[in-house]
2 protein chains.
Amino acid sequence: MRFNALKRDIHGISQKVLSQVLKNLERDGLILRTAYPTVPVTVEYSLKPLGTTLIEAVSSLTHWAETHMSEIQAAQHLYDASKA
Amino acid sequence: MRFNALKRDIHGISQKVLSQVLKNLERDGLILRTAYPTVPVTVEYSLKPLGTTLIEAVSSLTHWAETHMSEIQAAQHLYDASKA
DNA sequence: CTGCATCCAATTGGATACTG
DNA sequence: CAGTATCCAATTGGATGCAG
């Protein structure tokens, strides 16, 4: 995946933050950064095996959030109403 | 669990942040806050079922972090050495 | 004991301009 | 295209003092 493709897909992220995050992920060994000597330079980011395992771990949290979102919103409404 | 017990157990958290977090967790329906009318007041926090399910989901991430910590540190050292 | 209010320092992140 | 550098605004969080 290319830099600008990631920037497009991760809606709302700034170039600065995306750069920082990618550099950290690369340093942690989660992703691989490959630069091809074209003009202008082409950079490709890909998942390393370790990164894939993290995605799987995070996915369970994502799933939790999705399945309980409405329940949490209901609790928030109850709470807010009880305070008003 | 009492407020000050939580503050002791969560090493390094400030009273301000702990208050904020607890209030948010209560609003989200993850924990239950019970105040007993003693002098001074006694407040007890406990997990609600929804909170327990979140702990289980987070646990898989915790486990991931623990098992891959050394692998990540090794990657960081390699990265840092390659940049120096 | 359990907080809330305030002040202040540090971190974070967006916008913009610039480079190989 | 893929960043880096800079400036600046907003958020975060600690420390302290106060209150029910």
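Convention: sequence-line order gives letters A, B, ...; per-chain numbering from 1.
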[X] side-chain proximity, nearest of [options]:
| X | options | result |
| --- | --- | --- |
| V41(A) | dG13(C), dG3(C), dC1(D) | dC1(D) |
| V43(A) | dA2(D), dC1(C), dT2(C) | dA2(D) |
| F3(B) | dT2(C), dA2(D), dG13(C) | dT2(C) |
| V17(A) | dG14(D), dG13(C), dC4(C) | dG13(C) |

Tell me: [atom1] of [X] to [atom2] of [N], nearest whole Å?
| X | N | atom1 | atom2 | result |
| --- | --- | --- | --- | --- |
| N4(B) | dG3(C) | CG | C1' | 10 Å |
| Y45(B) | dG3(C) | OH | P | 3 Å |
| L22(B) | dT2(C) | CG | C1' | 11 Å |
| K23(A) | dT12(C) | NZ | P | 15 Å |
| K16(A) | dT6(D) | NZ | C1' | 9 Å |
| Q15(B) | dA5(C) | CD | P | 12 Å |
| L18(B) | dC1(C) | CG | P | 14 Å |
| M1(B) | dC1(C) | CE | P | 16 Å |

Separation between [atom1] of [X] and [atom2] of [Y], rounded to the nearest 0.5 Å:
| X | Y | atom1 | atom2 | value |
| --- | --- | --- | --- | --- |
| L18(B) | D9(B) | CG | CG | 10.5 Å |
| E26(B) | T34(B) | CD | OG1 | 9.0 Å |
| N24(A) | L30(A) | CG | CG | 10.0 Å |

Quiz item: When you measure from the side chain of E44(B) to the backbone N and O of M1(B), does any donor-acceptor pair fall under 3.5 Å?
Solution: yes
Exercise. Is it possible for you to check whether K83(A) lies under 6.0 Å from the centre of the six-membered ring of Y79(A), through NZ or CZ, and within 45° of that ring's axis?
Key: yes
Quiz item: Think R2(B) has a side-chain N or O under 4.0 angstrom from the OP1 or OP2 of dC1(C)?
Solution: no
Self-check item: R33(A) vs dG3(D): side-chain N/O to OP1/OP2 distance below 4.0 Å
Solution: yes
Quiz item: Do the side chain of E44(A) and the base of dC1(D) come within less than 3.5 angstrom through a donor-acceptor pair of N or O atoms?
Solution: no
Quiz item: Which sits closer to the 5' end of DNA chain D, Q20(A) or P40(A), going by the nucleotide each is nearest to?
Solution: P40(A)
